[in-house]
There are 2 protein chains.
Amino acid sequence: MSKPRTKIQQRNSETILDAALEVFSQHGFRGATLDQIAEVAGLSKPNLLYYYPSKEAIHVALLSGLLDTWLDPLRAMDPEGDPVEELLAYVRRKLELSRDFPRESRLFANEILQGAPRIRAVIEGDLHALVQEKAAVLTRWMDEGRIARVHPVHLIFSIWALTQHYADFDVQVHAVLGPGEPDPYPEAGRYLETLFRRLLAV
Amino acid sequence: MSKPRTKIQQRNSETILDAALEVFSQHGFRGATLDQIAEVAGLSKPNLLYYYPSKEAIHVALLSGLLDTWLDPLRAMDPEGDPVEELLAYVRRKLELSRDFPRESRLFANEILQGAPRIRAVIEGDLHALVQEKAAVLTRWMDEGRIARVHPVHLIFSIWALTQHYADFDVQVHAVLGPGEPDPYPEAGRYLETLFRRLLAV
DNA sequence: CCTGCGATTGACCGACCGGTCAAATCTTGA
DNA sequence: TCAAGATTTGACCGGTCGGTCAATCGCAGG
């Protein structure tokens with residue numbers, strides 16, 4: 001768990017992780033090769049393995065570093081704030097993550113698609129607990145009549161699904177919209193705001 | 001394009017495609033191996049290549065066979081039917097596809113995630129045309145005041161995202177819900193019906 | 001200048017990959 | 001029955017994979 005010490009170690013470790021993110025998110029774990037990652041990173045393959053003991057170690061480092069960032073917006077949902085605004089802020093922040101970090105989203109999607117072999121424990125542990133905690137907050141808001149009553153966990157699922165879709169299925173989104181509209185995110189933001197406002201209105 | 005002729009060819013071709021679906025949907029194209037597929041199919045590797053000329057040919061056969069099935073529910077949306085009921089029927093049918101054919105959904109997700117290298121042409125052609133056609137129908141319905149005005153293509157995206165989520169992220173869904181509720185689909189169906197009824201209500 | 005250690009790499013290894021091929025086996029119809 | 005074609009497979013090939021290792025490079029401190 002100790003962080004890199006020298007400047008060179010710091011820099012190369014980050015370079016490798018960034019290159020690995022690029023390659024893993026595009027080809028999946030088994031589809032990615034160390035040679036590809038090394039080439040993108042501008043390093044030799046043995047040099048990669050000087051900083052990380054194995055291909056899997058790079059992947060794990062990437063995933064564990066990512067999970068916190070990914071869950072932060074949900075953690076930030078304030079139980080004492082205005083329910084609709086808190087939820088919409090979460091939707092907005094999550095959509096921004098898709099727009100600004102599509103590679104991270106796809107890396108995560110790849111991992112889950114393949115049965116989450118390397119992060120199942122975290123998903124069944126931390127993620128499960130966090131969602132259940134926030135679902136309780138949502139249920140309280142519904143009990144207080146501040147948002148409409150829907151299944152709280154499926155509400156969270158729908159936020160994930162709708163926002164991540166724009167990163168994970170980027171190619172499809174652009175192909176279906178056609179070459180006319182290059183950036184779908186502004187319209188997506190408006191659409192999702194409408195959707196959740198109407199869903200949650202009491 | 002000619003279909004298998006003898007009974008044996010028919011049976012083995014299907015066996016291979018089913019095994020390939022199992023393996024490709026779980027590991028992606030590059031992550032899957034012919035040996036794995038052969039083992040699942042109960043055939044030898046050279047025997048696989050007697051029926052399909054290459055690994056890629058199996059994958060393409062799978063994808064092209066799948067796309068029609070996948071798009072049929074959207075085609076079935078009747079421009080002369082009741083707007084809300086037509087849309088909800090589409091949502092329901094799409095959710096049933098996720099429940100009954102999760103491997104197909106994951107295969108498709110894998111392909112799109114990796115940039116759709118093998119079906120980009122179809123996506124930019126047939127799929128684009130079909131969605132634009134149906135978007136025009138939705139726009140007409142909005143003009144007639146029969147459903148609320150939202151961006152029609154993003155409406156279709158949201159149906160895809162919300163329904164496919166339950167197949168593609170199956171592991172996450174089950175982990176987050178916990179071992180208590182084994183089948184999320186009934187609740188998902190109710191949730192999505194509520195969501196789209198409220199979104200579309202005029 | 002040298003010395004010592006962190007950083008880097010060319011060459012290589014065994015395993016596995018997609019695919020080939022000749023030979024063997026099975027099925028069918030005259 | 002039996003020849004001919006369809007089907008099946010063990011053995012194998014060249015290439016690529018993740019990973020190793022000894023040798024080298026480069027730089028900071030004395």
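Letters A, B, ... mirror the listed sequences (proteins, then strands); counts begin at 1. Since the model is a prediction, treat every value here as computed from it, not as a measurement.
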Rounded to the nearest angstrom, tell me the gap between atom CD in B:E56 and atom P in C:dG19.
9 Å
Quiz question: by atom type and distance under 3.5 Å, do the side chains of A:Y166 and B:H154 form a donor-acceptor pair?
yes
When the nearest nucleotide of DNA chain D is assigned to B:G42 and to B:R30 on a heavy-atom basis, which residue is associated with the more 5' position?
B:G42
From the set D:dC17, C:dT20, C:dC17, return the single nucleotide nearest to any side-chain atom of B:T33.
C:dC17
Using only side-chain N and O atoms of A:N47, determine if any of them is under 4.0 Å from OP1 or OP2 of C:dA7.
no
By nearest nucleotide on DNA chain D, pick out whichever of B:Y50 and A:P46 is the more 5' one.
B:Y50
Salt bridge A:R149-A:D143, side-chain N to carboxylate O under 4.0 Å
yes
Test your reading of the model: is there a side-chain donor-acceptor pair from B:H165 to the backbone of B:A161, 3.5 Å cut-off?
no
May I have the distance from A:I16 (atom CD1) to D:dG19 (atom P), rounded to whole angstrom?
13 Å
Among D:dT7, D:dG18, C:dT8, which is the nearest nucleotide to the side chain of A:K45?
D:dG18
Nearest to the side chain of A:N12 - D:dC17, C:dG19, C:dT8?
C:dT8
Look at all strands and tell whether B:L49 reaches a base, only sugar-phosphate, or nothing, counting heavy atoms closer than 4.0 Å.
base
Do B:K134 and B:Y90 meet the cation-pi criteria used here (NZ or CZ under 6.0 Å from the six-membered ring centre, within 45° of the axis)?
no
Per nearest nucleotide of DNA chain C, the residue lying toward the 5' end, B:D35 or A:I8, is A:I8
Touch class at under 4.0 angstrom, heavy-atom based, for B:A32 against every strand present
sugar-phosphate
Counting only side-chain nitrogens and oxygens, does B:Y52 get under 4.0 Å of the OP1 or OP2 atom of C:dG19?
no
Atom-to-atom span, NE2 of B:H27 to P of C:dG18 - whole angstrom:
12 Å
Nearest whole angstrom, please: distance from the P of D:dG10 to the CG of B:L43.
12 Å
Please state how far atom CZ in A:F24 lies from atom P in D:dG18, giving the value in whole angstrom units.
8 Å
Closest listed nucleotide, where the reference is the side chain of A:Q9 and the choices are C:dC17, D:dT7, C:dG6:
C:dG6
At less than 3.5 Å, do the side-chain atoms of A:K55 and the base atoms of D:dG19 form a donor-acceptor pair?
no
In terms of relative ring orientation, are A:F24 and A:H59 parallel, tilted or perpendicular, with 30° and 60° separating the classes?
perpendicular
Between B:K7 (NZ) and D:dA6 (P), how many Å, whole number?
18 Å
To the nearest angstrom, the CD-C1' distance between A:E39 and D:dT16 comes to 15 Å
Over how many whole Å does the gap from B:L34 atom CG to D:dT9 atom P extend?
15 Å
